[in-house]
Amino acid sequence: MDFIVSQILTGLSLSSILLLVALGLAVIYGVTGVINLAHGEFVMLGAYGAWLLQTQLGLGLIVSLIPIFLLVAALGWVIEVVVIRHLYDRPLDTILATWGLGVMIQQIVRLTAGGELRYVQMPPSLSGSVNILGATDSAYRLFVLGVALAMFCLIWVIYRYTSFGLKLRAITQNSGIASCFGINSALAYRVTFAFGAGVAGLAGALISPLKSVSPEMGTTYVVDAFMVVVLGGVQSLLGTLASSGLLGEISGVLAYYSNDTIAKALVLLAIVIIIRFRPQGLFAPRVRA
Amino acid sequence: MNKSRRTFLKLGAAAGAFTVTGFPHIWSKNSSFAYAQGGEIKVGVLFSLTGTTAIIEESLNKATIMAIEEINAAGGINGMKIVPVIEDPASDPATFAEKARKLVMSDKCVSVFGSYTSASRKAVLPVFEKQENLFWYPTLYEGRECSKNVIYTGAVPNQQQDDFVPWLVEKFGKRWYLIGSNYIYPKEENNYCKKLLEGLGAEVIAEEYVPLGHSEFSSVINKFRSEKPNVIFSTVVGDSVVALHRQYRAAGLDPATMPMASLTTSENEVAAMGGDAAAGHFTSAPYFMVFDSPENKKFVEAYKARWGGDKVTHFVSESSYFQIHLFAQAVAKLAPSDIGPLGIRDAVKGEEYKAPQGLVKVEPDNLHCWLRPKIGQCKADGQFEILQQSADWLEPNPYSAYPDQKCTSEGLKQI
């Protein structure tokens with residue numbers, strides 16, 4: 001019994017990190033259609049934000065979360081205004097531009113903060129472990145899971161139950177017609193991009209106590225995030241939730257019975273096969289082309 | 001008579017190369033080139049100052065430069081100054097080979113000191129073997145190499161494990177979990193470890209490799225929980241080692257009953273993960289920063305004075321430092337006309353030096369070094385406490401996991 005519980009918890013922990021990292025990307029990609037290859041760098045900036053606030057100002061991780069969200073969102077806003085908005089109709093150019101941005105952000109961090117690996121102290125109140133149905137799990141990992149679900153609910157509520165969300169859905173279905181009805185799609189795009197960047201920053205700050213913080217750390221997360229979003233279905237929030245849950249649990253089980261190297265390979269293979277037969281992803285919403 | 005005639009010829013050829021300056025050096029082969037000219041000896045320094053391994057290689061570069069400055073400040077080698085030619089191979093094996101070629105062929109360096117990863121060493125090896133030059137490699141590595149053009153001053157598996165593994169078995173128990181990054185170094189270390197464990201009647205309950213750069217260890221830690229090993233033998237490297245230690249601690253596991261034993265976690269890695277995450281775990285190495293010897297006190301003080309008070313020294317920066325002194329001793333034994341890569345290699349065989357870790361010696365057969373392994377336990381302040389040191393220096397055996405092979409001065413022999 002406790003074995004099954006701890007296996008489920010491990011999977012959930014993997015899922016929560018995937019979900020956090022993918023949410024920002026799902027929001028940006030789903031609404032604006034921008035393939036943001038600098039997404040991993042937003043995650044990295046969040047982690048560096050946590051490190052900076054902790055070492056320079058002595059702030060704990062939990063109180064730093066909101067300033068980090070705001071700072072990275074502000075950066076996202078600026079990037080949208082300066083670069084992204086000129087490229088909305090040119091998807092290939094956005095890939096190149098965001099990739100270039102990512103490289104620049106990485107190098108700027110390396111030059112200012114240095115290339116050393118950094119670490120972020122875990123909040124003392126969450127550094128213990130908790131007993132659930134006979135299985136032990138890190139309190140901090142459960143906290144990350146809670147925040148990931150809360151963020152998902154928040155985005156879901158905004159998307160489904162606010163007038164801004166209604167506008168976003170209209171833009172997603174057909175931005176031309178939406179504009180004809182008086183929706184300011186340029187502003188909606190800007191807000192969405194900034195919000196998505198902020199969520200990525202938040203994800204980076206949350207995972208920083210568990211991982212090492214380095215200028216290159218974003219590269220792995222951008223791959224994970226795309227994996228989740230593509231598998232889940234590009235314009236489906238629920239798909240993002242389901243696919244991160246699925247990927248987390250599957251890689252947890254595979255890694256337990258074999259090892260992480262094989263788990264990673266098998267999961268990627270499975271995704272390739274699924275995409276071959278369901279190119280729209282598992283949970284593609286029915287939209288009229 | 002014969003010798004002096006050859007010397008004369010060499011000098012003549014060198015002078016020829018020198019006077020006919022307009023000529024390309026096509027006809028002046030390396031063998032007739034005078035390496036010690038105008039009271040200067042040129043050496044190459046090849047550590048990455050940019051790229052992924054720059055953080056650690058920068059400290060090796062610093063220790064190397066410091067040693068060169070020390071020797072020059074004390075009057076040089078028989079009055080000749082060492083002139084370092086510093087190149088940045090940018091953590092890329094192909095660039096390593098290219099820069100090594102430049103240092104050897106166009107800069108005419110008599111030796112090159114450098115590199116950290118096995119991949120970069122393998123990349124430069126053909127350059128030194130083809131050009132009959134000499135490479136000095138300061139890093140601990142997996143062994144299984146027998147080059148006549150490399151002086152290895154870091155530890156090989158038998159030197160780090162011979163004392164360490166039995167000590168851990170006796171202190172903690174016989175159920176071992178081997179975890180490593182998925183490449184050659186951890187596999188070779190584990191090959192030797194398994195051999196030792198077999199001899200001690202201990203059991204390997206799992207041998208697992210994670211991808212390089214892997215940072216999610218929750219499944220691995222789950223297995224630690226359910227398997228309950230006595231010792232976790234970790235050859236995980238790079239940023240993965242930081243993630244492993246931090247997640248181990250977050251999971252609430254206890255180093256007192258299930259310690260991680262490592263061959264690569266030095267003061268440098270501990271600084272990256274935080275002392276709280278490293279405290280209680282064990283490392284075996286020939287050198288720790290806290291080691292109490294007059295030579296080490298001098299080394300640490302000089303290093304901090306030269307590069308900053310917050311800097312740490314570790315077992316690879318220590319060997320980067322003492323190999324320069326071994327080089328200087330070897331050159332000092334030679335007549336100026338005999339100074340050349342192979343002359344230095346032959347002169348350094350059997351050479352001894354009082355390094356910060358204690359007296360070390362170059363083994364004439366395999367060109368590796370006799371070293372003094374120690375066992376350290378990490379403390380929360382980021383330093384180690386030395387619990388045990390080997391009674392005597394330990395012979396290097398790069399083929400310790402392969403008893404039917406032996407590295408001799410004639411090359412690799414099958415026994």
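Naming: A, B, ... by sequence-line order, numbering from 1 per chain. This one's a predicted model, so the numbers in the text were calculated from it and none came from an experiment.
At a threshold of 4.0 Å, the pair B:Lys311-A:Glu116 does not count as salt-bridged, since none of the basic side-chain nitrogens sits closer than that to a carboxylate oxygen.
Annotation for B:Lys223 and A:Ser258: closest pair NZ-O, 3.1 Å, computed over non-hydrogen atoms. Across every non-hydrogen atom of A:Tyr119 and B:Ala271, the tightest pair is CE2-O, 3.6 Å. Shortest non-hydrogen contact noted between B:Gln247 and A:Leu210 is NE2-O, 2.8 Å.
Not a single donor-acceptor pair under 3.5 Å links the side chain of A:Lys264 to the backbone N or O of B:His214. With hydrogens and angles disregarded, no donor-acceptor distance shorter than 3.5 Å links the side chain of B:Ser219 to the backbone of A:Thr10. Panel note: side chain B:Arg246, backbone A:Pro209; a donor-acceptor pair is recorded below 3.5 Å.
Counting non-hydrogen atoms of neighbouring residues, nucleotides and ligands closer than 6.0 angstrom, the CG atom of A:Leu268 exceeds 12 such neighbours. By the neighbour-count criterion of 12 heavy atoms within 6.0 Å, atom CH2 of A:Trp99 is sparsely surrounded, having that number or fewer from other residues, nucleotides or ligands. Heavy atoms from other residues, nucleotides or ligands lying under 6.0 Å from CD of B:Glu198 number 12 at most.
Using a 4.5 Å cut-off between heavy atoms, A:Tyr256 touches chain B through backbone and side chain atoms alike. Contact annotation for A:Val120: only backbone heavy atoms (N, CA, C, O) come within less than 4.5 Å of a heavy atom of chain B. B:Glu208 touches chain A through its side chain: at least one heavy atom from C-beta onward sits under 4.5 Å away, while N, CA, C and O do not. Residue A:Leu9: no heavy atom, backbone or side chain, is found under 4.5 Å from chain B. Only the side chain of B:Asp276 comes within contact range of chain A, with heavy atoms under 4.5 Å apart. For B:Asp239, the parts sitting under 4.5 Å from any heavy atom of chain A are the backbone and the side chain alike.
In this structure, CG in A:Asp260 is found 10.0 Å from OG in B:Ser240, a value given to the nearest 0.5 Å. Note that the CG atom of B:Asn182 and the CG atom of A:Asn259 stand 7.5 Å from one another [nearest 0.5 Å]. Put simply, OG on A:Ser212 and CG on B:Leu244 are 11.5 Å apart, with the number rounded to the nearest 0.5 Å.
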Practice task
Would you check, one step at a time, whether the test side chain to side chain contact (heavy atoms under 4.5 Å, CB included) holds for A:Ile17 with B:Glu216?
Solution key: CA-CA 10 Å; A:Ile17 292 172; B:Glu216 183 51 70; 3.4 Å; yes
Handout entry: Criterion side chain to side chain contact (heavy atoms under 4.5 Å, CB included) on A:Lys211 and B:Val242, from CA distance to verdict
Key = CA-CA 7 Å; A:Lys211 315 267 170 142; B:Val242 176; over 6 Å; no
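Counting heavy-atom pairs under 4.5 Å between each of B:Gly252, B:Ala243, B:Ala54, B:Pro211 and chain A puts B:Pro211 at the top. For the set B:Ser226, B:Gly274, B:Gly213, B:Gly238, the count of heavy-atom pairs under 4.5 angstrom toward chain A peaks at B:Gly274.
Side chains of B:Arg225 and A:Ser6: no donor on one and acceptor on the other come within 3.5 Å.
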